[in-house]
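Have a look at the structure below before the remarks.
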Amino acid sequence: MPRNFDYADAEPRLYAWWERKGWFKPEVAGSNAEPFVVSMPPPNVTGSLHLGHALFGALEDLMVRYERMRGKAALWLPGTDHAGIATQLQVENMLREEGSSREEVGYEEFLHRTWQWKEEHGGTITRQLRRLGASCDWDRERFTLDDGLSTAVTQAFLTLWEQGLIYRGPRLVNWSPGLQTAVSDLEVESTEEEATLYYFKYPLGDGGHIPVATTRPETILGDTALAVNPADARYAGSIGKSAFVPILRREIPVIGDDSVDMAFGTGALKVTPAHDFNDYEIGQRHKLALVNVLNKDASMNANAGKYAGMDRYDCRDRLWRDMEAAGLAIKTEAYTTRIPRSQRGGEVVEPMMSTQWYVRIQPLAEKAMAAVRRGDIKIVPERYEKVYFHWLENIQDWCISRQLWWGHRIPAWYRDKDGDPEGEIHVGRNPPLGGGWVMEEDVLDTWFSSGLWPFSTLGWPSESGDLERYYPTQVMETGHDILFFWVARMIMMGLWFTDKPPFHTVYLHGLVRDRHGKKFSKSLGNVIDPLTIVDKLGADPLRFTLITSGTPGNDVNLDERRVDHTFRFINKVWQITSFINMNLEGDLELGLPPVEELDLPARWILSRLHRLIANVQHLFDIYQFGEAGSQILAFMWDEFAPYYLEISKHFMYSGTEDEKIATQRVLVAVQDSCLRMLHPFMPFMTEEAWRYIPHDGEALIIADWPNANTTLIDDEIEARMNLLLELVRELRNTRGEYKVDPGKRIKALAKAGAAAKDMAAHDYVFRRLCNVEELQLLAAEDPTPTNAASIVVSDVTLYLPLEGMLDIEAERGRLEGEASRLTQQIAKTQKMLGNDNFLSKAPEAVVQRERDRLADLESAHKQVTERLSSLPR
RNA sequence: GGGCGAUUAGCUCAAUUGGUUAGAGCGUCCGGUUUACACCCGGGAGGUUAUAAGUUCGAGUCUUAUAUCGCCCA
């Protein structure tokens with residue numbers, strides 16, 4: 001067995017082997033196996049792996065490998081998303097670098113170039129996921145623009161249309177001037193920014209004026225009313241009068257509306273229904289005209305009069321100067337307000353009138369809420385259910401059309417009628433017979449196709465074998481940042497089209513941040529490339545660290561020091577395997593010898609192991625994977641390796657043949673279970689290590705998940721062994737305090753009550769673990785050794801004759817400290833046990849534990865004080 | 001404005017039906033070439049669990065308020 005785990009060699013070799021063997025495919029479990037299906041959240045096809053991908057990769061692979069080992073037909077279905085805007089932007093950037101543009105090359109050529117780009121870069125992310133060890137069924141890989149998925153998208157669209165749930169019409173939308181497309185509410189991010197609030201006079205027809213404030217003066221040109229609160233004594237008298245749009249001198253009414261905030265600005269509101277969502281509402285209520293003053297590129301249009309053709313911000317400055325000149329300007333002041341920006345380009349989004357396609361989402365949302373309310377779908381962590389409900393309760397119709405070229409084209413056709421090129425509309429896969437029909441140029445929001453992902457990838461709408469066998473899926477694991485974008489829409493669309501919840505559990509993870517909780521950003525220079533870590537340390541350390549660094553729903557602060565630590569843990573597990581491997585000879589019977597034949601340390605480690613297995617099982621059941629991983633690590637590093645392995649050497653080197661074999665079987669059994677449990681966390685090292693211990697089966701990836709054998713969990717055994725180990729730790733500690741050369745073998749004497757038998761029978765524990773040459777048991781009536789340091793644990797006193805080294809004063813100090821610590825604890829415990837409420841209300845087991853503890857403490861205290869009084873003055 | 005989360009050792013994090021002495025890693029200090037491992041081993045120091053009240057026999061854990069930071073929604 002190699003001295004160290006060579007991940008660079010093993011990772012590609014093992015991955016290729018697993019894949020070649022077909023072990024990533026659900027069919028390996030047989031046709032009767034219960035399915036366990038996870039749809040991979042499809043990354044952007046042209047993206048490359050970042051830590052967010054690494055986190056979902058680690059978590060999903062963990063779940064899938066775990067369920068595979070539990071005998072399920074585990075299917076992790078991978079794929080990529082065409083990511084409309086993101087991909088189109090990348091290709092546009094490429095064209096720009098060539099000195100060209102999408103308009104210049106034209107629609108056909110642009111799509112051609114984009115597909116080309118996809119072919120060139122599309123494999124990157126999936127190759128990188130493989131490096132992490134992702135056990136996906138790559139034969140089932142899907143892409144949102146595949147023929148099959150496009151069919152599903154069209155089907156979904158047509159169904160909604162036929163049900164009257166899709167409509168097209170002019171509405172106020174969030175318009176992204178740079179991208180030249182509408183975007184949905186979710187794609188707009190508002191941030192607080194420093195802006196200017198402009199105060200000016202709104203002239204009235206009667207020669208007076210009302211002062212008004214705005215942050216966007218250029219929209220004045222599109223005002224169609226002036227609104228005041230009817231309860232506002234200052235202005236109520238003006239309701240019904242006319243006002244005149246500054247500079248343009250267009251006549252508009254002064255209206256009264258309750259929604260006007262009297263306390264904001266001047267208390268009067270200019271109403272621009274075509275460029276503001278609130279104003280649009282007011283406009284609807286008062287049947288106001290809509291005056292659009294912007295072109296699609298956010299320059300001013302003809303309605304802006306002499307400002308036509310100017311950029312929106314140039315117009316803002318110019319108009320304000322003109323108003324100053326006209327004596328209409330009052331003042332400006334600095335003002336912090338929320339500026340809506342495009343999630344993609346970062347440019348300021350303008351509310352603008354535009355004709356778009358919408359989904360009437362209410363009926364779908366109702367079903368989606370009901371499913372979670374009924375518990376058909378559970379969200380982990382649960383608190384996100386509230387967030388989910390809040391969003392769905394206030395949901396707005398979904399604008400699904402995008403003015404992009406890269407995406408699923410909306411299956412609609414137009415024909416000229418009475419000079420209107422869109423006079424006739426037909427929705428369907430194909431145009432109606434007869435000429436003159438032109439296909440809709442808009443494409444669908446990327447999330448429309450993503451919303452179908454759990455079933456479109458399985459062949460829907462065809463009721464094929466995969467859909468029937470693997471749908472609904474089980475767990476949807478993804479980031480909480482796309483709960484609305486994606487998860488809610490999958491639930492809505494899944495329920496609507498398949499009448500089944502697309503999954504029973506949503507597991508949400510957080511963002512991966514740097515170790516100080518900062519977002520990764522190129523400008524901060526704190527970006528960590530997961531592949532750099534994989535190159536340097538292997539995939540296993542990164543996976544284990546990501547999983548154990550956080551809890552569900554919370555952000556993960558990745559500390560690279562933890563990755564290093566995990567790397568060392570992996571080495572530790574390898575070394576344990578290596579130790580076992582080199583201490584075996586010949587064929588070893590698998591499984592455990594009868595428990596009665598086993599010694600205390602063996603029964604102890606088996607009890608600890610099975611307790612661990614039970615804990616890990618429970619933690620997996622409640623999706624606490626991080627804690628599960630940490631517990632396995634703690635067991636191996638703090639119990640198995642330092643104690644049992646060391647103790648086993650006694651039997652290996654000086655035991656009888658039977659003892660030796662029994663010990664070997666225990667070692668192998670424990671390590672085997674640990675490797676199995678660790679496999680989903682760190683598949684590569686565990687698979688490789690497993691080959692070096694006797695095992696049953698072809699590969700760990702398809703081995704059975706361990707079951708806890710509760711008959712092996714034994715409190716009494718653990719308590720007996722704990723006493724010995726506690727003595728060991730105290731002995732080591734005392735040796736340290738007296739600066740006894742660690743290599744020096746010393747003698748120990750013990751007065752042990754009930755534990756005497758265990759100590760005598762397991763004196764090798766002390767020889768192995770704390771270099772005790774000889775352990776001599778004294779009878780109660782024997783004189784206590786003088787000139788010896790003493791150690792008290794429970795009812796055992798150990799004496800270490802340290803001829804010449806013992807400092808009586810130091811020893812007295814040590815014992816006095818010990819006595820006072822014990823006194824305090826005794827007092828605390830007595831107080832607890834003296835409380836009738838505690839005795840009557842606490843569970844019996846807790847009370848009993850305190851009683852036992854008190855007995856131990858009192859016994860120890862008695863011995864310490866005796867010892868103190870026997871020290872020479 | 002509404003909602004959610006976080007606040008635990010110098011730093012990064014655990015601690016899930018409330019129950020012994022609140023645990024790890026890194027760092028730090030002391031000591032070690034023990035035949036699995038120096039990618040290691042043994043030992044130590046370091047905590048009023050943000051603050052204040054409350055519920056409880058018992059609170060890091062439950063309740064309320066406050067503070068700070070972060071996120072989501074309007």
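Note: hydrogens, waters and symmetry copies are ignored here, and every other heavy atom, side chains too, is used.
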* Asked: Is there a side-chain polar atom (N or O) of A:Arg3 under 4.0 Å from OP1 or OP2 of B:A38?
  -> yes
* Structure fact -> Closest to the side chain of A:Arg561, out of B:C26, B:G19, B:C40, is B:C26
* Asked: Taking OP1 and OP2 of B:G3, is either one under 4.0 Å from a side-chain nitrogen or oxygen of A:Tyr384?
  -> no
* Check every strand shown and say whether A:Lys386 touches a base, only sugar-phosphate, or nothing at a heavy-atom separation below 4.0 Å. => sugar-phosphate
* Using a cut-off of 4.0 Å on non-hydrogen atoms, how would the nucleic acid contact of A:Glu646 be classed: base, sugar-phosphate, or nothing? -> base
* **Separation between the C1' atoms of B:C73 and B:C26, rounded to whole Å** => 39 Å
* To do: Look at the side-chain N and O atoms of A:Arg853 and state whether any lies under 4.0 Å from the OP1 or OP2 oxygen of B:U20.
  => no
* To the nearest angstrom, how far is A:Ile570 atom CD1 from B:G25 atom C1'? -> 15 Å
* Asked: Would A:Ser607 and A:Asp714 count as having a side-chain donor-acceptor pair, cut-off 3.5 Å?
  -> no
* Phosphate-side-chain proximity, A:Arg821 and B:U21, N/O vs OP1/OP2 below 4.0 Å -> no
* Asked: Reckon A:Tyr653 touches a base, only the sugar-phosphate, or nothing at all at heavy-atom distances under 4.0 Å?
  -> sugar-phosphate
* Pick the C1' atom in B:G19 and in B:C11, then give their distance to the nearest Å. => 31 Å
* Asked: If we ignore angles and hydrogens, is there a donor and acceptor under 3.5 Å between the side chains of A:Thr823 and A:His861?
  -> yes
* Paired with B:C4: which nucleotide, if any, by Watson-Crick or G-U wobble criteria at under 3.5 Å for both distances? -> B:G70
* **Contact under 4.0 Å: A:Trp391 side-chain N or O vs B:G2 OP1/OP2** => no
* To do: Give a yes-or-no answer on whether the side chains of A:Tyr738 and A:Glu811 include a donor-acceptor pair shorter than 3.5 Å.
  => yes
* Send over the distance from A:Ile528 CD1 to B:U12 C1', rounded to a whole Å. => 12 Å
* Does OP1 or OP2 of B:C57 have a side-chain N or O of A:Lys831 closer than 4.0 Å? -> no
* Asked: If you take all heavy atoms of A:Pro552 and A:Tyr507, which pair is closest and at what distance?
  -> CG-OH, 3.6 Å
* Asked: Are OP1 or OP2 of B:A74 and a side-chain N or O of A:Asn394 less than 4.0 angstrom apart?
  -> no
* Phosphate-side-chain proximity, A:Thr551 and B:A14, N/O vs OP1/OP2 below 4.0 Å -> yes
* **Pair assignment for B:A65, Watson-Crick or G-U wobble, requiring both distances under 3.5 Å** => B:U51
* Asked: Do the side-chain N and O atoms of A:Asn554 and A:Thr551 include a donor-acceptor pair separated by under 3.5 angstrom?
  -> yes
* Asked: Checking all strands, does A:Ala641 fall into the base, sugar-phosphate, or nothing category for heavy-atom contacts under 4.0 angstrom?
  -> base
* Quick one: label A:Asn4 by what it contacts on the DNA or RNA (base, sugar-phosphate, nothing), any heavy atom closer than 4.0 Å. => base
* **Touch class at under 4.0 angstrom, heavy-atom based, for A:Met582 against every strand present** => sugar-phosphate
* Given that A:Arg849 and A:Phe484 both sit by RNA chain B, which one's nearest nucleotide is further toward the 5' end? -> A:Arg849
* Over all atoms of both residues, closest heavy-atom pair of A:Ala368 and A:Met492 -> CB-CG, 3.5 Å
* To do: To the nearest Å, give me how far apart NE2 (A:His565) and P (B:C11) are.
  => 20 Å
* If you measure only the distance, is there a donor-acceptor pair under 3.5 Å linking the side chains of A:Glu858 and A:Gln830? -> yes
* Asked: Under 4.0 angstrom, heavy atoms only, what part of the nucleic acid is A:Ser630 near: base, sugar-phosphate, or nothing?
  -> nothing
* Determine: side-chain N/O of A:Lys828 to OP1/OP2 of B:U21, distance under 4.0 Å, yes or no. => yes
* Asked: To the nearest Å, how far apart are A:Asp741 CG and B:U33 P?
  -> 8 Å
* To do: Would you mind classifying the nucleic acid contact of A:Pro642 as base, sugar-phosphate or nothing, using non-hydrogen atoms under 4.0 angstrom?
  => sugar-phosphate
* For atom CG of A:Asn583 and atom C1' of B:U35, their distance in whole Å -> 10 Å
* Structure fact -> Heavy-atom nearest nucleotide on RNA chain B taken for A:Gln825 and for A:Leu558; more 5' hit belongs to A:Leu558
* OP1 or OP2 of B:G19 sitting under 4.0 Å from any side-chain N/O of A:Lys841? -> no
* Mind checking who B:G23 pairs with, Watson-Crick or G-U wobble, both distances under 3.5 Å? -> B:C13
* Asked: Which part of the nucleic acid, if any, lies within reach of A:Leu645 when heavy atoms closer than 4.0 Å are counted: base, sugar-phosphate only, or nothing?
  -> base
